[in-house]
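Below: the structure, in structure tokens.
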Amino acid sequence: MTRLTDGMVKDIIRSLDSANEMLIALTGMDTVELACDAAGITKDMIDLDGIKVGIVPVTSGKGIITKFSESVAEIVRRLGMEASVTQAADVTGLAEALSAGAEIVFMADDVTFMAINTKNGRFSNNSYCTAAGYVSALKGAAGGLDGKEVLVLGAGRVGAIAARMMTGMGAAVTVYDIDEERARALSESIPVKVAADVNAALIVHDLVLNAAPGAIDGRFVKEGAIISSPGIPFPFDGLGIKRAGTIINDPLDIGVAVMAVQCASFSRLRRQDAAHGT
Ligand code: PYL
């Protein structure tokens with residue numbers, strides 16, 4: 001997982017409105033609808049208003065990323081929840097959030113980013129939720145994935161989860177990873193094909209979920225391709241942007257929104273029977 005930097009995070013808050021507009025235009029869903037879809041519920045099944053959320057800065061490893069916690073808080077506020085960043089960091093910050101009655105607590109070190117439901121201890125993970133969010137975005141932009149061919153770039157945490165989800169939705173998934181062994185290992189646990197050459201695979205796929213850290217050579221992006229590409233750094237050159245029909249990308253928004261909705265669903269669902277697979 002590529003670690004965010006201060007520079008990548010500094011503009012998130014001011015770009016949230018346009019990111020939401022982009023989502024509606026490209027997928028037909030706003031951030032709340034997409035987050036619910038990814039969490040396996042519908043908006044009418046949950047009341048997000050006023051849920052108390054604490055975001056606790058964590059100083060371990062490479063330390064605090066400027067405005068990371070504030071960005072998470074703002075993304076969560078836009079879902080209707082009442083989010084605040086604790087004054088203290090680490091364990092003292094966790095104690096502060098719990099004492100303030102937080103129903104959900106967000107914390108991230110350099111390896112794991114999670115949202116914990118304090119009512120029952122269940123938790124959401126950023127890798128799972130980012131994969132689910134970007135699968136929902138691709139599904140929305142493509143008008144469904146059942147019976148469609150999808151290329152997944154990267155068989156790491158996000159790519160492997162996304163590949164598993166999309167095969168479960170009836171997509172014919174091909175996976176490429178720079179470490180072919182990792183792609184092969186995945187193909188032994190789920191019915192995916194393995195691509196040996198990234199450019200040969202890109203040029204024949206209309207639907208792509210990019211969960212790899214490297215840059216993409218725009219010359220091989222198929223004309224009009226729909227590309228769902230979480231995270232940072234933004235991997236497309238000018239030619240890639242020109243050739244693609246749709247590129248869905250953000251540094252943090254979708255993953256955090258799915259975490260918040262999924263974590264809230266662990267204690268707030270109106271109708272337990274209707275929830276399907278989260
Ligand atoms: C959650 C992001 C998405 C991509 N990479 C992940 C990352 O950068 N993780 C590190 C987050 C560190 C946060 C720091 C703080 O400010 O509390 N511990």
Is the side chain of S99 donor-acceptor paired with the backbone N or O of A95 at a distance under 3.5 Å, no angle test? yes
So, taking the atom named OG in S15 and the one named CG in D250, what distance separates them when rounded to the nearest 0.5 Å? 8.0 Å
Salt bridge check: are D37 and K139 linked by an N-O gap of less than 4.0 Å? yes
So F68 and F113, ring-ring contact (aromatic ring centres under 6.0 Å, His included) or not? Walk me through it. CA-CA 12 Å; F68 173 82; F113 178 22; 5.3 Å; yes
SB check D47 R268 (cutoff 4.0 Å): no
R77 and E82 ion-paired at < 4.0 Å: no
With sequence neighbours excluded, residues passing salt bridge (Lys or Arg N to Asp or Glu O under 4.0 Å) with D217: R219
Between the side chains of R243 and E223, is the shortest nitrogen-to-carboxylate-oxygen separation below 4.0 Å, so that they form an ion pair? yes
Answer yes or no: is there a donor N or O on one side and an acceptor on the other, between the side chain of D177 and the main chain of G154, under 3.5 Å? no
What pair of heavy atoms forms the shortest contact from A211 to V158, and how long is it? CB-CG1, 4.0 Å
Would you say N249's side chain and G231's backbone share a donor-acceptor pair under 3.5 angstrom? yes
Going from CG on N125 to CD1 on I161, what distance comes out if it is rounded to the nearest 0.5 angstrom? 6.5 Å
Identify the heavy atoms of L79 and L48 that sit nearest to each other, and give their distance. O-CB, 3.6 Å
Quick check: does any side chain N or O of D30 sit under 3.5 Å from a backbone N or O of N20, one acting as donor and the other as acceptor? no
Regarding R184 and E188, does a basic nitrogen lie under 4.0 Å from an acidic carboxylate oxygen? no
